[in-house]
Each structure stands twice: as structure tokens, then as C-alpha cells.
*Asks:* 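Encoded as C-alpha cells, here's the structure I'll be asking about.
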Amino acid sequence: MDAQSSNMTLRNDHSGLHPCWSCKGPVAEADLFCETCHAVQPPGHIDHFTRLGLHQVYDVDVDGLERTYFELQRHLHPDRFAKKTPKEKSLSQQQAVSLNEAFETLKDPLLRADYLLQVLGEDGISHDHTVNDPALLMEAMETREALMEADSVDAVNGLTTKARRDVRDCVKSIAAAFAEQKLNEARKLALRLKYLTKLLEETRQHKARLVLK
Amino acid sequence: MIENVLLQIHEPGETPMPHAGDEALAVGIDLGTTNSVVAVSKEGTPEVLRDENGHGLVPSVVAYAPDGSAIVGNLAKQLLLMRPETVISSVKRLMGRGLADVKSISGTLPFEVVEGEGMVRVKIAGKELTPVEISADILRALKERAEDQLKYKVEQAVITVPAYFDDAARTATKDAARLAGLDVLRLVNEPTAAALAYGLDQQAEGVYAVYDLGGGTFDLSLLRMEKGVFQVKATGGDAALGGDDFDHAILEYFLEERREKFGEEKLTTDDVKIALVTARMAKECMTENDEGDFVLEFNEKMSKHTLKRENFDELAAPLVERTIEICRNVLEDADTFPDEVKGVVLVGGSTRVPLVRKRVGELFEQDPLADIDPDEVVAVGASLQAEALTVGSDNLLLDVTPLSLGIETMGGIVEKVIPRNTPIPVAKAQEFTTYQDGQSAMAIHALQGEREMVDQNRSLARFILKGIPPMTAGAARIRVTFSVDADGLLTVGAEEVTTGVSQEVAVKPSYGLSDEEMAEMLRDSMVHARDDMEIRLLTEARVEARRVMEAVYSALHIDGKLLNEDERAHINVILNKLDETIAGEDRHAITAMMEELDRETQVFAQRRMDKGIEEALTGINVEKLENAIES
Ligand SMILES: Nc1ncnc2c1ncn2[C@@H]1O[C@H](COP(=O)(O)OP(=O)(O)OP(=O)(O)O)[C@@H](O)[C@H]1O
Ligand SMILES: [Mg+2]
């Protein structure tokens, strides 16, 4: 485990060296384990992307992200520290908490967009309480109506497929907007994604009501 | 791996010196409502510990002898019919429950509960006992069974709890283990433990549902199993729904027939206990047969009752439908459709009821998997996890919170801080403010549950954050942090951000035992409690000292060059002294020597930091350097 754990360290920032709590040797902010004594470190003040070994970009391979998450949990989860000192147990818990938070945020296209905007110094989307995009509002109303009228699984499936496709397209557009540094555009699209995600959820619930009778 | 190699390097006939604590084995315990099981895993092979007749199940029944000693298991179960006033069963239903909770459990209860604050107490054999003490007696019996068979001291255990157990019930379980002299390595959710055992055994991959209907509780967990990862996607259940409720339904049906025949009858708690034995027998009989005749006798009157398939299914249907409804909700929470579920694993004795199998099969559109022992699989999973925690493993259990956690806000509304099905461990913070000028304190009330209003949810704890400096209303920033650890237990902290006034509480009271009560019970239960405590502290000091030594050795290995010969010799002397104190029995000496080592290595530490920074500035990668040293 130790040989692997030093591979797991994400050291791209040498400026913030501080002493390891255990052996007092130098450790970097993003180090999970001390290079010298292999003791687990407190979670560094790094963003979610860095924590999961990613650059600050929107386009994320979710399967790969999940593999990294599992791999990191394999090393950091409190189950790995049952025989260690209370201090190490507590640090492992803090690490696992940070990792869960990072993973839960980045795996979700909407939360990821919101978070990336904030990392880049913009307002997040929860900042807006009202949507003032007339086209979006119109679309929302029409789709809701269609959903209300769908009384067969097939009909709902049709709407689900469309909603899924819309979500996928929207995620692509958001990625493009971020790639081109068009942050306002990304923000607008993220608001659209928020609505599309909600709609997809509603179609699933609607289907569940029909299927699970 | 390394340990194995080390163990082999000894001369034949010579026994290697075990490290302190190595001679102990950690077991897995399924502390069930009806039956408990203890299992152990060695080198990945789990084994249920059985009695001389080959029975793995220990009935969770306790009889109290006149001298106060506890008899647990089959013998106690037999005593139930002879001396019901001294026997208690299904005590798990009372864990972490208040009087009001118990009264809301349907049916006539086979318990005589005592009025009082906090967790209920049961009147049994002329004494008043908490459910925690009674559970501790069961755990003690399991510990003894394990020690007798393994010929090892057993002090550590993984104990399973229903996934849907709330914080109070989890804490109560941990307290019971402490009373029984067991160190709980981890509380694992029952369906997750079952999935671990099943998944490893069957090499299962994909999304699986674990449907666990036992004696007193129901859980449904949806998990993704993949290459050693067991990831719970969603869980749901009812901590007060199980085979016992089927028994109660049958008993009520029989009693109704008796009432028609004999008119009003008064039943004592002891009558109920005995009648429930018959009702359970009737229920279990209906698994194999479509009809049966049963006899009840008390108040010097005998009655005969016939149960047919239709009657039984009618009685069982509302209970089964409740589980099906919960399954639906969990599927919805996990955003999963039945046809995406690759297999349904049945756990718990009550899944033998034909109606249960039928309805579960219909919902998931597939025959449930019955190729596992539904009674033992949970304990087997617990033992695998116990081995994983003590010896190591590549498997990973990722579980979730079963219930949402929230805080009381203005108007008695609950604001959710951590929603249900959030992966644990987790910590979330929420900020609140004061609503009065100069307000110096703030009440924090933590709750668990899905409903909107405070009184519809379960109160976990209340505390008051004091010492907020006077500010105008709305100016203070009070950050409340909820942390849930890997056992699913909550800790709440509150801090006034601008001044740093803070408080942290491990959630306990509402329906728990107070620290004083716990301390008193520990005193009563362990004659050698004090010695035990000393041994524990000594072991902890040794573990800590070994870690410190390892750390210094690692540093010397890499940066030893930063010291001159004298300095190095000096540190070596202290290291040797520390090693000697570890071998001794004086924990204060160990601590003192650790402090000395810390002092005497400070210059070394400083030089290492300086070197690190220098390298960072000149761009030499520490990793490269390390490789160079090693090659
Ligand atoms: N053949 C059977 N038919 C119907 N029910 C059965 C049968 N065998 C056992 N049961 C019921 O199963 C229940 C006990 O199951 P189990 O031992 O799995 O529960 P437990 O683990 O003690 O409880 P829990 O998990 O709820 O704490 C009892 O209610 C018992 O009556
Ligand atoms: Mg069970």
C-alpha cells in the first residue's frame, strides 16, 4: 500500500510545503500521505478537481472519475485505519469526507457546472432565484403539459428519451462554453440544465408511478 | 503479506512472540431481534460458530436467574414457557426507544415497560433493566461462545445493525457492546453485510437488491457490486416491521375468536408471551402447509383455532405491502427500474413466508435468489468485514445515511442538513444567525427523519451554544456542522464564525443513556473495569509510540545525512530508550519518552523542512530524489 500511496499523491504545488504532523518532514498541500513516514495527512485546501486528479475543466469522464474515487477511497476510507491511532483514524475520516464531497459534486453535471463557475470566480447558479429566459419558461410549460397528458409507459418513455437527449446536448454545450471561456453562456446553459434535470426527474417519477402500480 | 513472511522465519519448535493484541481475533456478530449469530473469518474463509448440535443461531432470548445471572439462547427460550416472568425476547425492538415509541408499536406487547425519561426500561424478574443491558447479556453470551471455540480472547467485533436504525438505536447498540467488553470496530448495516458475503461468494457484479425481513426489522438496500467495491446506492426500511408483527397479527386473530367464544378477557404480559410462541409456530407452520390447527390455553380456558392459507395471507398482506411500498420508494430514490436490478437477495427468516417471496418476485420481475442461508449470511458478512478491518482487504464498503438529518428552525420547521442516501462519512455545514439584538445563546436541536415539522421527526439531541458576543440581530454567523462517521453516527458542532466560540457534541441524550448511567453500568458490569481501562490506555500508548518510532526511522532513513554522527547517536539512544519503555508496563514512562524524542528531534525536523523548501524552490522533485536514494 505504501508504494502505491506515494503514487497517489497529487503534488503540483511545491510552494505550500508544511511539516508532516507525524515525522515533521516536508509535505505539500495536496499530499495524502507523507513521503517520508507514510502517515495520512489532513485533507489539503485544494479544489475538488485537484483532489480527484483533474484539471479545472468541465468535460469530465465520469467513469474514469469514479475509478479514481474508488482507488482513493481504497487508501483513505476509515475502514483502512481501524488498527491505527485515533489521530490517524480521525484524519482518514476527514479525507474520506472531502473525497465524498468532491466526488458527489463533480460526478453530477449540474453541480459540476455550478462549482466550476465558482472556482473560476463567478457566481454559482443558485445565486439566481428567478429564471428570466422566456424561451426556457415557454419550453418548460409545454413539456410539463405533455407530461401531464402522458398516460402510458410508452408515451412517458418518449418524453424521457427526449429529456435525456436534451440533457446530453445541454451538457455538451456547457462543456463547449467553458472551453471557449464563455462563462456567461455557461451560466445560462447551466440554468437550462437545472430545469432539464428536474424535468428528467419528473418523467422518471411519472414513469415510476405508471410502472410500479 | 509481509506479516505472513515474518511469521515463517522462526525455528521449528520455537513460537514467535506475538505483538500485544495479535493473539486476539475480531468476530462478526449479527445481533438479531429473534436470533443472533457469531462468525469469524480467517484468511478470507468465514465460519459460523456453532454449538455442539451444529446450531449457529442463538435465540436472542434472555432469562434471569434469581441470583441475577443471565441465561441466553435455547435454554432461555425453553424457560419462556415455564417461567415467562423471568424471560425477555425481541429486546432489539426497544433499543434507543422512548416510552411513547414503544406504545406506538402495534399489538399487545410481551414487555412490561416502566414509565420514565429517555430510553424505556423493562420490568423483568423483579428488576428494571434497560434494553442496552439486556442486549449486553446477549453479546456476552456470543463472546463466550466465540472464545470457547476459538480458544482465543475475543475483544473486538463488527456488529451489524438494521440499515434503517436511527442514531439512538445505533448508539444503544454500541453501548451494549461496551458493556459486554467488546470494542466495536465498526457498525455495519445488515443488508450491506449480507451483500458483502453474497457478492464475494458469488462473484456478483451489477446492481443488486438486498431484501432483509427479519424478526423485528425490515431493510431494503440497493447496491452496486463491482470488483470488490460494494457501493450502496439507496436504502430504506422500517425499524419496527418484521416477523414479530406477523405473530402479533395472528395472535390478534386468535384472540378475537376467543373473545367471541368466551367474552372479554384480560391478558397478562406473561400470557401474551406464551400465546405469541403459539402464534409464531402457527406462522412458521404456514410456510410449509396450507392449513393448520392451533391451541391456546390460559385463564383456565382452552381454545382451538384453524388457520387457512387465505386467512393467513389476508393477515400478512398489509405487512408485506408495506415492505413493497418501501421497495418502490428506494427504487425511485436510486433512480433505478426493477429490470435494471440484476438479482434480489433474500435475507432474514421472514423471507420464507410464501406471500413475501411471491410479492417480491412480482415487484422485481424475477425470482429472488434463494441460494444463500438467509439466517447466517449477515453474520458471515460481518466476520469478513472484521477480518478486513484487522488484517486488511482490497474490498471497499461504501454506505449511505438511511435517514435525513436536519436542524430545527423558526416555526418548528426542520431544515435538512444531510439528505438521506448521502454517502458516508460526510460532513456538512449550514449557517444560521441570531434573531434578537444582543442574543448571547442559541439552541440547537438536531433531528432525524423525512418529514417537515419538528414533532414529526425523531429528536436526536438538543444543546445550547453559549457565549455569543453581543451583536445586532442577524450579525452573528453561527455555523452548525453535522458529521456522520462510517458507523452512521452523528456528531454536531456549532461555532460562531466571527469570534470562534464553539461547541461540539456527540449526539446522545434524547432516547439514549446519559454518560453517568453508562459509567455506572460499566462499573457494575466489570469487576475489573479499572484494570481494563489501564490495559487499554497502555495499549494505546504503545501503538502511538510505535508510530512515532516508525516516523523517526523513516525520516532517518531518508534524511539521516542532515545529522552529524553525535546528533544521530543521541537520537538513537532515545529511540532505544523508547523501545525499552514500550516493552515495559508503564504508560506514563512511554508518554514521557515520546515527549523527549519529540523535543530532541526538533532541530532535525527543522533541517528537513529547510531542505524540502530548498528543493522545491530549485525544482528538484522529492520523488525523484527518493528514487535515486533507493536505486
Ligand atoms: N419457516 C419460517 N416461516 C416463516 N417465518 C419464519 C420461518 N422461520 C423463521 N421465521 C421467522 O423469521 C424471524 C426471524 O428471522 P431472523 O432470525 O432473520 O431475524 P433476526 O435477524 O433475529 O431479526 P432482525 O434482523 O429483524 O433483527 C422470526 O419472526 C421467525 O418467526
Ligand atoms: Mg436479521
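This is a predicted model, so every value here is computed, not measured. Because only heavy atoms are used, hydrogens play no part in the values below, and waters and symmetry mates are left out as well, while side chains stay in.
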*Asks:* Write down the atom of A:K83, the atom of B:T390, and the distance for their closest heavy-atom approach.
*Replies:*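 That would be CE-O, 3.7 Å.
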*Asks:* Tell me, for A:E66 versus chain B, whether the close heavy atoms (under 4.5 Å) come from the side chain, the backbone, both or neither.
*Replies:* side chain
*Asks:* Heavy atoms only, distances under 4.5 angstrom: which of A:E201, A:Q73, A:R204, A:E101 has the most pairs with chain B? Name it, please.
*Replies:* A:R204
*Asks:* Could you tell me which residues satisfy salt bridge (charged side-chain N to carboxylate O under 4.0 Å, His left out) with B:D183, sequence neighbours excluded, listed by chain and number?
*Replies:*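 With sequence neighbours excluded, B:D183 shows a salt bridge (charged side-chain N to carboxylate O under 4.0 Å, His left out) to B:R536, given in chain and number order.
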*Asks:* For the candidates B:A551, B:P425, B:A605, B:S393, which exhibits the highest count of non-hydrogen atom pairs separated by less than 4.5 Å from chain A?
*Replies:*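 Highest number of pairs under 4.5 Å: B:P425.
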*Asks:* Ignoring hydrogens, what is the shortest heavy-atom contact between B:V484 and A:Q93? Give both atom names and the distance.
*Replies:*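 B:V484 and A:Q93 have their closest heavy atoms at O-NE2, 4.4 Å.
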*Asks:* Check whether A:Q94 gets within reach of chain B through its side chain, its backbone, both or neither, counting any heavy atom under 4.5 Å.
*Replies:* neither
*Asks:* Give, as side chain, backbone, both or neither, the part of A:E88 having an atom under 4.5 angstrom from any heavy atom of chain B.
*Replies:*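 Just its side chain gets close to chain B.
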*Asks:* Can you confirm whether A:K24 sits close enough to B:F604 that some side-chain heavy atom of one is under 4.5 Å from a side-chain heavy atom of the other?
*Replies:*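 Of all side-chain heavy-atom pairs linking B:F604 with A:K24, none is under 4.5 Å.
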*Asks:* B:R608 versus A:T36: any side-chain heavy-atom pair under 4.5 Å?
*Replies:* yes
*Asks:* Using heavy-atom distances under 4.5 Å, tell me whether B:E544 contacts chain A through its side chain, its backbone, both, or neither.
*Replies:*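 When you check distances to chain A, atoms from both the backbone and side chain of B:E544 fall under 4.5 Å.
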*Asks:* Tell me, for B:V426 versus chain A, whether the close heavy atoms (under 4.5 Å) come from the side chain, the backbone, both or neither.
*Replies:* backbone
*Asks:* Any side-chain heavy atom of A:P26 sitting closer than 4.5 Å to one from B:I613?
*Replies:* no
*Asks:* With sequence neighbours excluded, what pairs up with A:K198 under the salt bridge (charged side-chain N to carboxylate O under 4.0 Å, His left out) test?
*Replies:*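 Salt bridge (charged side-chain N to carboxylate O under 4.0 Å, His left out) check on A:K198 returns nothing, list empty.
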*Asks:* With rounding to the nearest 0.5 angstrom, report the CE to NE2 distance, B:M609 to A:H18.
*Replies:*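 Output value for this atom pair is 8.0 Å.
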*Asks:* If the contact rule is any heavy atom under 4.5 Å from chain B, which residues of residues 54-62 of chain A qualify, in numerical order?
*Replies:* none
*Asks:* Within the structure provided, determine whether A:F70 and B:Q231 are in side-chain contact (heavy-atom separation under 4.5 Å).
*Replies:*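 SC-SC contact between A:F70 and B:Q231 confirmed.
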*Asks:* Quick check on the structure: residues of residues 381-389 of chain B within a heavy-atom distance below 4.5 Å of chain A, by number.
*Replies:* B:Q385, B:L389
*Asks:* For B:N395, is it the side chain, the backbone, both or neither that has a heavy atom under 4.5 Å from a heavy atom of chain A?
*Replies:*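 When you check distances to chain A, only backbone atoms of B:N395 fall under 4.5 Å.
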*Asks:* B:V543, B:D485, B:V552, B:D335: which one forms the most heavy-atom pairs within less than 4.5 Å of chain A?
*Replies:*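 Looking at each of B:V543, B:D485, B:V552, B:D335 in turn, B:D335 comes out on top.
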*Asks:* When rounded to the nearest 0.5 angstrom, what is the spacing between SG in A:C37 and CG in B:L556?
*Replies:* 12.0 Å
*Asks:* Please round to the nearest 0.5 Å and tell me the distance separating atom CG of A:D79 and atom CZ of B:R186.
*Replies:* 4.5 Å
*Asks:* A:H77 versus B:L398: any side-chain heavy-atom pair under 4.5 Å?
*Replies:* yes
*Asks:* So which part of B:Q606 gets closer than 4.5 Å to some heavy atom of chain A, the side chain, the backbone, both or neither?
*Replies:* neither
*Asks:* Looking at A:P86, A:S22, A:S98, which has the largest count of heavy-atom pairs under 4.5 Å with chain B?
*Replies:*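 Heavy-atom pair counts peak at A:S22.
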*Asks:* Which bit of B:I324 is near chain A, if near means a heavy-atom gap under 4.5 Å: side chain, backbone, both or neither?
*Replies:*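 Neither the backbone nor the side chain of B:I324 comes within 4.5 Å of chain A.
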*Asks:* Taking side chain as everything from C-beta outward and backbone as N, CA, C, O, which of these in B:K428 sits under 4.5 Å from a heavy atom of chain A? Side chain, backbone, both or neither.
*Replies:*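 For B:K428, neither part sits under 4.5 Å from chain A.
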